[in-house]
Amino acid sequence: MLLEFVQSSVFTVLVLWALNDFLNFRREHEAHNHLILFTSQTLDKVTLLCNFLISVLHLCSFVYQVFMVDETSFLLSLLLPALSWLFAAVFAFYCKIRSRSCCRCCKWPLVLVSWWIFSLFFDPVLIYKTRKNVVLGVVIFILTAYLCFIAIFMNSGEPLRELRQPLLVEGDKEVFGDAGFFSLVLFRWLNPVFEIGKRRRLELHHIPPVPEDEAAEKSYSLLQDSLFMHKTEVSSLPRAIIHSVWKPLAINALFAGINTLCSYIGPFLITTFVEFLSGFNQSKWNGSYGYMLAFLFFLGKTVESLSQRQWYFGSRQIGIRARAALMVSIYNRSLTLKYSSLSNGKVMNFLNVDVERIGDFFWYFHSIWLLPFQVSLALVILYRNLGAAASFAAFIATVLIMISNTPLANSQERLHSMIMEAKDLRIKTTAETLKCMRILKLHSWENAYLNKILKLRDLERKWLKRYLYTCSAIAFLFWASPMLVSVVTFGVCILVKMPLTPGSVLSALATFRILQDPIYNLPELVSVITQTKVSFDRIQDFVTEEQQKNSRSNFSKRGSNIAIEIEPGEYAWEADSNTKKATLKIDRKLMIMRGQMVAVCGSVGSGKSSLLCSIIGEIPKISGAGINVFGSTAYVPQSAWIQTGTVRDNVLFGKHMERRLYDEVIQGCALDRDIGLWIDGDMTLIGERGINLSGGQKQRIQLARAIYSDSDVYLLDDPFSAVDAHTGAHLFKECLMRLLACKTVFFVTHQLEFLLAADVVLVMRDGKIVQSGKYEELIADTDGELMQHMAAHKQSLSQVTPSSEKHSSLLSTKQKIEQSDQQEVQSISHIRNSDCSEKTNEEERESGRVKWHVYRTFVASAYKGALIPLVLLCQVIFQGLQIGSNYWIAWASEKGDIVSKEKLIGVFIMLSVGSSLFVLGRAVLLATIALETAQKLFLGMMKSVFRAPIFFFDTTPSSRILNRSSTDQSTVDTDIPYRLAGLVFALVQLLCIIIIMSSVAWPVILVFIIVLAISYWYQNYYISTARELARMVGIRKAPILHHLSESITGAATIRCFNQEDRFIARNLSLIDDYSRVTFYNFATMEWLSVRINFLFNLVLFFVLIILVTLPKNAIDPSLAGLAATYGLNLNVLQAWVIWNLCNVENKMISVERILQFSDILSEAPTAIDDCRPEEDWPTCGTIEFDDLHVSYNPGLPKVLKGISCTFPGQKKIGVVGRTGSGKSTLIQALFRMVEPLEGKILIDGINILKIGLHDLRSRLSIIPQDPTLFQGTVRTNLDPLQQHSESELWEALRKCHLWEIVKQDHRLLDAPVAEDGENWSVGQRQLVCLARVLLQKRRILVLDEATASVDTATDNLIQKTIREETSNCTIITVAHRIPTVIDSDLVLVLDEGRVLEFDSPNNLLRDTSSAFSKLVIEYLGRNQRDNDFEFT
């Protein structure tokens, strides 16, 4: 009667509610009330079909009962559900037709959804009471569960896809903040992202912005507020971070607590459930008690699943906030930090390692208090089932296992620290190597530096090997701990004669399995806390250093005629060193008035650049009042700093475009010709560090940046050294004398011809200003420092000055040239014009599924996959023995009459020990596979990168390579093998559970097949979006690192131009882009997990319903209880399988990215066995160019066009030409940095195109235009391959006039050289490069602007040294300074990639119309205009 009453009531409510909704359909303004969206037309039709199918099944059952069985006692109970489903099906069909005809959102009425959910729980009871066919009941249950699933999870609350399209494409609306309660709980707010991810490749603009609370600016603001509150405390940063996120942290704690409580509901109820199945104390159970237990199981698992998903996602959210706040904090500190001893790589590691570690820490945060809570709950359950003695024994065993795990955890932590130190060193060396790859290839040192990196990798691998095998021991304890605890517990029960029942045993086993996590997590938790503390300390020290050291020069607003006020004081680069030797000493006050032009000159290392740095506050002050600058400043450093971006962006540098001023600046800096030749004009993209520009172009672009800024004070550090005489004169005339005529200009120069135009000249020596005043006054002092420089300058010019009889004709020619110079349009083809016109490559990103060859390559990397079957065998045997031991203890515990207690515990111990041993074997084999696989992939990538042509490095930012060799390689080292293995292990375990459950109730197989099919569909639906998000996570991290690295390098320029706010804003934008993809990447995982968990909770519920429904004597209670026990983990396990299946693919993207760089098109072979030159080759050094054509890209114009000439052996050849005439391209072709399209190059009769690159480059020497020093010591920079004795090193230093400089440091040859040689001036770096070349003693020496940054006197000495030391060598000199090439035996003049002239200097000078004569005249004219004394 009760059943019929409930059915009648529900049928009445259904009809009335449906009629009410039917009437509401006619009111348009109420059409959207109480409606739930359905997302897909296909699923819409399937839903209608399910409704009609269920109604037909109920009608068939009714007819069968009436006509075939002749059973009338349950007719009404059978008829009412059939009518209700029929009515529901008709109403659903009406809703569909109505919604389509009205062109409105296709929504299911809430009445239908309520009916579906009610039927899900009521139909099993109906089946049991009316004794329907079990198979029919199973089918109806599955269809109803499917309807409920669709109603709950497939509704997004958004318009139909056609109406959603604009929102999805724009991706500018935050969907998370606008989501409702159920949408947040079920992650339905992600549905729009999944929809577009399914239809097309997901791009960044498709993804909605990061929620406001996770935005970088707000996160940083909250952190700063918290830091201000805790600034007096020692550990202020950790406290401030936690305080800034305490609200979401508290909410997250609530979800964590609910999850933990619900996870113990299953073990708590399993005893009662097994007793119910076994019929124990049957008098106290009523008919509905079993269903109530099944419902409690289902409810507990559902709440557990939902709370776990919210807990995990909340932890990720908090981690994103903390990560964003720290990233902003570190960037801001880096931008304002001065004088720090931290290397660029160290700061990069803060972002790459420490910040990520702190963000991940919040995943473990609640485990600190959850661990004792979990243990306490477990002990309560054990006490209830097994008594005090057994629970106490379990507690002691758990504590002992945790204690035994602690040494392993400590060892793991120590090894992890060693791995990180080794990785830091390897990444630092790799970064420096990539930065200097052009130099390494020119010197043929790339293999030596590759071996250096491989040795560092071997050190890292040594620690990694120990770490992974330690992890194997910890994994063994993890899997063996439930068995060990259960052996001890059941052993104590037997000793104290505590009766064991299947229920209590299975409850204990389920509890032990949950205890597995806290046992395992304790050492990991301690390790994570320790590592996080180290990261916090490292970052806090960085912050503290900034607060202590950061000081600025006094930049005041314009208010007087004084521009710069220099007070007496001392400055030193190494302010923290014990010696505190002053680099710069200012002993008297200097006043620079507004509008004055101040020139600074001096020898190499005299302190010129340091003086400029003291003005802008970039050098530590030891003593004195400091320097005041009045007005805005612009700074042009000696080593050009160029941003990655367009030429226009570099010139504008954050200012708005003013076309008239912009064009004037471009023309004044002689950039109009270059821009005119580039395909994209001033929108041409510049590569990392301006790698696709010449030195002259970089210098002119940063000069244009300074002039366009329209500042009050200009500080120019040797802006003319990188350009030829003609361009230098143009820059001086157009920029300094015209565009900056009314500005205060403070410039450093070695070109003494420009001094006359200066209002004030400062002459420096040994860090002091030894002379100051007007040029005429200083030149009058015949014993002064300036006159010594002038004497050297005059000596240099005397080599160029023509004979008196030619002088007048040359001068007249010069005047004609000057008159026509204004209309002359030079055709400049820059050495890497083709590179410039090519846009810098966007990072390659695969699309679609990770290809099978990636998996195949990964799996076969270690021993060709031979160990994988052994690992699988170990897992299968382990799983079988574990299930066997659990079934044995449950079955034998009630067979006391045939199984003795000794046999019971003995067999259990034997099975447990056996399974533990196979776990250990599995772990060791897996570690071995992981080590070998990681090494193979690393070697393949690094060898491929080092064999790549230089074009690859010109177009590929080093951050992309570093990302793969750090982040992706770490993932391969310690993550992917275990995730892939974990997936396989979980599949084996799931298969075993399916077998157990199917042996109890065979219909479970049907349910599993359907659920697995739905899960597979979900996985496919999910993976298309998640895969692209995972790819974007890897890609979006690189721009942040690149921006940080670029900003640190150019921090002085950024600060001087007051552009900090713009760069900080850019950093905030990059971090938000990274946060939004990580946020949605984490969210998509939870979206999938919620749905998979619910599906398998339904499976568990169905199994329990079957067990309750079946007769008591039809099943083995022990086996049924075992199935229920394993079923408690079913949702977690299946979610783990599906999540791992997707996550493995996401992680395999790291392998995919590594393999991308493992198959780069290589350079020519390093050696060709059939074409090896003799050991003493070249003997003479004769170089022949035969119809040489060169292009940087086959699709672009040629840079060299038919070069044919011969450089005789043991002669000095000068190569000159306008900027961009092809001089450096000729040198690159000689070294085969770029391969010729046509023609050939012969050295001593051997075609260099037919020999190996190492055989060629190792026989040539070069001093490149950009002097490069490596971080290390003077010794390692002079002799990187350690091939020379100490006496040879000192002799080379003496010849290069570095002897005295090196002797000043007590560490001598072991004196440190900073990153990029920052503690050496540019001129000193060029001298070190010269010493390096003199040590090599090779027959062919190339000097590419080798002395551009040294003073004239030093240049004269160097030229003398080169003449003396290389008398039997072929010397090719590319120079802008005419005196450098005037004493050459032959001069090659290039123009537009062709040979214009090739003869001796004297012969060329005799012809006053020759191009070389014009170059000489320009050089002389520039000097004569300002220095008539040169010719007197």
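Throughout, numbering of the chain's residues begins at 1 and tracks the sequence. The shown structure was predicted, so the numbers you read here are calculated from the model rather than taken from an experiment.
I1092 places none of its side-chain heavy atoms less than 4.5 Å from the side chain of I1014. When side chains are defined from C-beta on, V193 counts as touching P208, because their heavy atoms get closer than 4.5 Å. Using a 4.5 Å cut-off on side-chain heavy atoms (C-beta onward), F858 and V972 make contact. Considering only heavy atoms from C-beta on, F373 comes within 4.5 Å of L261 through its side chain.
Across all non-hydrogen atoms, the minimal contact from G300 to I265 is CA-CD1, 4.0 Å. In terms of heavy-atom proximity, Y1074 sits nearest to V1033 at CE1-O, 3.6 Å. Across every non-hydrogen atom of L184 and Q310, the tightest pair is O-NE2, 3.1 Å. For the residue pair A294 and L1104, the shortest heavy atom distance occurs at CB-CB, 3.8 Å. L377 and Y264 make their closest contact through CD1-CD1, 3.7 Å (heavy atoms, listed as atom of the first residue, atom of the second, distance).
Ring planes of W189 and F187: tilted class, angle from 30 to 60°. Note on ring orientation: taking the six-membered ring where Trp is involved, the planes of F298 and F295 are tilted (angle from 30° to 60°). Relative orientation of the F194 and Y1022 rings is tilted, given thresholds of 30° and 60° on the angle between their planes.
Applying side chain to side chain contact (heavy atoms under 4.5 Å, CB included) to C262 and the options T260, I258, N259 leaves one that passes, I258. Among the candidates R316, R1091, R188, R309, the single residue satisfying the salt bridge (Lys or Arg N to Asp or Glu O under 4.0 Å) test with E1086 is R309.
Judged by distance alone, with hydrogens and angles left aside, the side-chain atoms of N252 form no donor-acceptor pair with the main-chain N or O of P248 at under 3.5 Å. Checked by atom type and distance alone, the side chain of Y1080 never pairs as donor or acceptor with a backbone atom of L190 at under 3.5 Å. Distance alone, capped at 3.5 Å, is enough to place a donor-acceptor pair between the R1076 side chain and the I207 backbone.
Proximity of the aromatic rings of F878 and F985 is defined here by a centroid distance below 6.0 angstrom, and this criterion is not met. F313 and W1087 have their aromatic ring centers separated by at least 6.0 angstrom.
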| said: Checking K301 against E304 for the salt bridge (charged side-chain N to carboxylate O under 4.0 Å, His left out) test, could you report, in this order, the C-alpha distance in whole Å, the side-chain angles of both residues, the deciding distance, and whether it holds? | reply: CA-CA 5 Å; K301 295 303 291 183; E304 177 192 348; 2.9 Å; yes

